Amino acid sequence: MSGKKIQRLRGFKDILPEETEKWQKAEEIIQKVFHQFNFKEIRVPVLEQNDLFQRSIGDVTDIVQKEMYSFKDRHGDTVAMRPEGTASVVRAYIENNLFYPPSVQKLYYFGAMFRYERPQAGRLRQFHQAGAEVFGSQEPYIDAEVIVALYTILRELNIENPTVHLNSVGCEVCRPNYLSYLKIFFEKNKEGFCPLCQERMLTNPLRVLDCKVESCKNLLSTVEGTYQHLCDNCDTHFEEVKKNLNLLGLTFTLDKFLVRGLDYYTKTAFEITSSSLGSQDAIAGGGRYDKLVEELGGPKTEAVGFAIGLERLISLMPEGRAGKRPDVYMISLGETAKEKAIKLLNDIRKEGFSGEINYQDSLKSSFKKASKGNFRFAILIGDEEVKEGVVSFKDLDAGEQQRISHNASEIIAQMQKLTP
RNA sequence: GUGGGUGUAGCUCAAUGGUAGAGUCCCGGAUUGUGAUUCCGGUUGUUGUGGGUUCGAGCCCCAUCAUCCACCCCA
């Protein structure tokens with residue numbers, strides 16, 4: 001080895017074979033559940049025009065202001081690596097006229113997202129999300145259905161104690177009302193808040209609501225939440241969502257201060273957390289965004305969606321997919337035996353069986369590798385076998401060994417006989 | 001972006017400022033062609049990197065990089 005080692009970028013991770021079993025299981029279950037709810041997969045690019053995210057996520061949010069990987073490409077266009085999935089899916093929905101013919105569109109996606117943040121437990125610069133979006137319905141039932149789909153995924157993956165937090169953040173009618181209510185409250189109680197909160201009252205009043213300082217929390221216990229200041233329209237919608245969730249047997253906790261960090265949310269907002277995660281405790285989050293499609297140049301289209309953080313999800317999974325067991329471990333001793341073994345393995349693989357060959361270790365260590373590798377059968381070819389035109393065929397589970405003819409069909413028949 | 005902890009063998013970790021070690025893993029062997037356990041033997045390091053202090057630095061100091069934890073924000 002010479003030369004300087006190149007290491008991966010900060011906040012970026014290699015996902016090694018040991019962990020990919022969990023990833024594969026997560027992906028399998030997620031796809032299965034999405035299909036149960038009649039979602040179709042969409043795949044969108046990782047790179048988009050910078051403007052897309054500014055206009056959708058909001059240009060005063062932290063994500064856009066300080067966390068985006070955005071740069072000028074060789075042509076001089078300002079582009080950005082997506083920090084989340086919804087914006088791209090909405091763009092694709094509009095650009096490909098998926099709103100025609102008019103009907104409900106249910107889409108899901110998987111993908112890597114990028115945010116230039118300081119890495120921490122459960123927080124990376126490249127991370128992965130699985131997300132779902134439903135376009136073209138303002139039915140409260142759809143909000144509930146989407147939450148149930150999300151919850152189903154977590155349940156099927158045996159995630160420990162997930163908690164569903166629910167709120168409604170209102171629309172462009174009720175939000176200003178709520179903000180002026182907050183403003184009055186803050187003015188009355190300004191002195192009791194921490195310096196940071198006093199700052200936030202001016203810059204981002206909603207952020208004051210989830211301050212962790214004790215004195216602030218005490219003061220806030222008497223503040224009313226967003227869902228207590230909804231207009232009639234939003235209020236009935238919220239009531240219906242709750243009713244439907246109860247109907248579907250999903251328990252949730254109302255979180256009057258749940259505010260999501262992206263500007264496009266309206267009405268329903270939800271989040272799923274787990275106490276086993278540490279400081280970054282959200283596994284998934286989402287909500288309704290009835291204005292976004294219009295704002296990005298599409299027809300008036302209401303929508304709901306969510307995204308699951310796959311790294312966080314996977315860290316909570318008790319187990320991965322049971323790896324498929326490899327079938328045959330070929331062991332050969334000597335040159336002629338090696339040639340026979342290579343050809344035999346090739347024939348066996350052609351028939352759809354999996355296998356590995358070892359022609360350089362000692363016999364003992366070869367068998368050791370066969371059992372460590374969880375192989376079902378071992379086939380040994382040495383001088384004796386070559387001479388007699390056979391192979392030694394061993395059932396590694398039973399520990400029984402026999403000599404059988406060295407042609408592939410014989411061996412395959414033997415394997416099929418022993419494999420249920 | 002701010003604050004704190006940690007970087008020693010592939011992995012998990014030792015080493016009052018005085019010759020860098022153990023376990024594990026891997027490889028070989030224990031009547032020469034068989035998986036476990038046990039036993040014997042063997043390999044492995046620019047102590048993250050670069051400076052500085054010192055007769056002497058894995059250990060002290062500075063810088064840098066990485067990593068972990070928290071703030072912030074969010075998946």
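Computed from a predicted model, the values in this text were never measured in an experiment. Proteins get letters first, then strands, A, B, ... in listed order; numbering begins at 1 in each.
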- Do Phe306(A) and Glu133(A) have side-chain heavy atoms sitting under 4.5 Å apart? no
Rounded to the nearest 0.5 Å, the CD atom of Gln414(A) sits from the CZ atom of Phe393(A) at a distance of 5.0 Å
**Message:** Between rU12(B) and rC25(B), how far apart are the two P atoms, rounded to whole Å?
**Reply:** 15 Å
**Message:** Any heavy-atom pair between the side chains of Leu292(A) and Thr86(A) that's under 4.5 Å?
**Reply:** yes
**Report entry** Inter-nucleotide C1' distance (rC55(B), rG1(B)), Å rounded
**Finding:** 45 Å
On RNA chain B, more 5' by nearest nucleotide between Glu84(A) and Gln401(A) is Gln401(A)
For RNA chain B, the dot-bracket notation using Watson-Crick and G-U wobble pairs below 3.5 Å, [ ] for pseudoknot-type crossings and | for other-strand pairs, is (((((((..((((....[..)))).(((((.......))))).....(((((..]....))))))))))))....
When rounded to the nearest 0.5 Å, the distance separating CD of Gln402(A) from OG of Ser392(A) is 9.5 Å
Report task. For the residue pair Phe99(A) and Tyr93(A), categorise the inter-ring angle as parallel (less than 30°), tilted (30 to 60°) or perpendicular (more than 60°). Result -> perpendicular
### Message
Ring-plane angle category for Phe135(A) and Tyr289(A), please: parallel below 30°, perpendicular beyond 60°, tilted otherwise.
### Response
perpendicular
On RNA chain B, more 5' by nearest nucleotide between Arg312(A) and Arg10(A) is Arg10(A)
Worksheet entry | Between rC39(B) and rG4(B) - C1' atom distance, rounded Å | 48 Å
Nearest-angstrom distance, C1' atom, rG41(B) to rU47(B):
27 Å
- Message: Please report the distance separating the P of rC26(B) from the corresponding atom of rG21(B), rounded so that it comes out in whole Å.
- Response: 24 Å
Of the candidates rC27(B), rG33(B), rC68(B), the side chain of Pro119(A) sits closest to rC68(B)
In whole angstroms, the gap separating P of rA66(B) from CZ of Arg8(A) amounts to 11 Å
Checklist line | Whole-Å C1' distance, rC68(B) and rG35(B) | finding: 40 Å
Taking rA9(B) as the reference, what is the distance to rA22(B) when you measure between their C1' atoms (whole Å, please)? 11 Å
message = Using atom P in both nucleotides, what's the gap between rU16(B) and rU53(B) to the nearest angstrom?
response = 25 Å
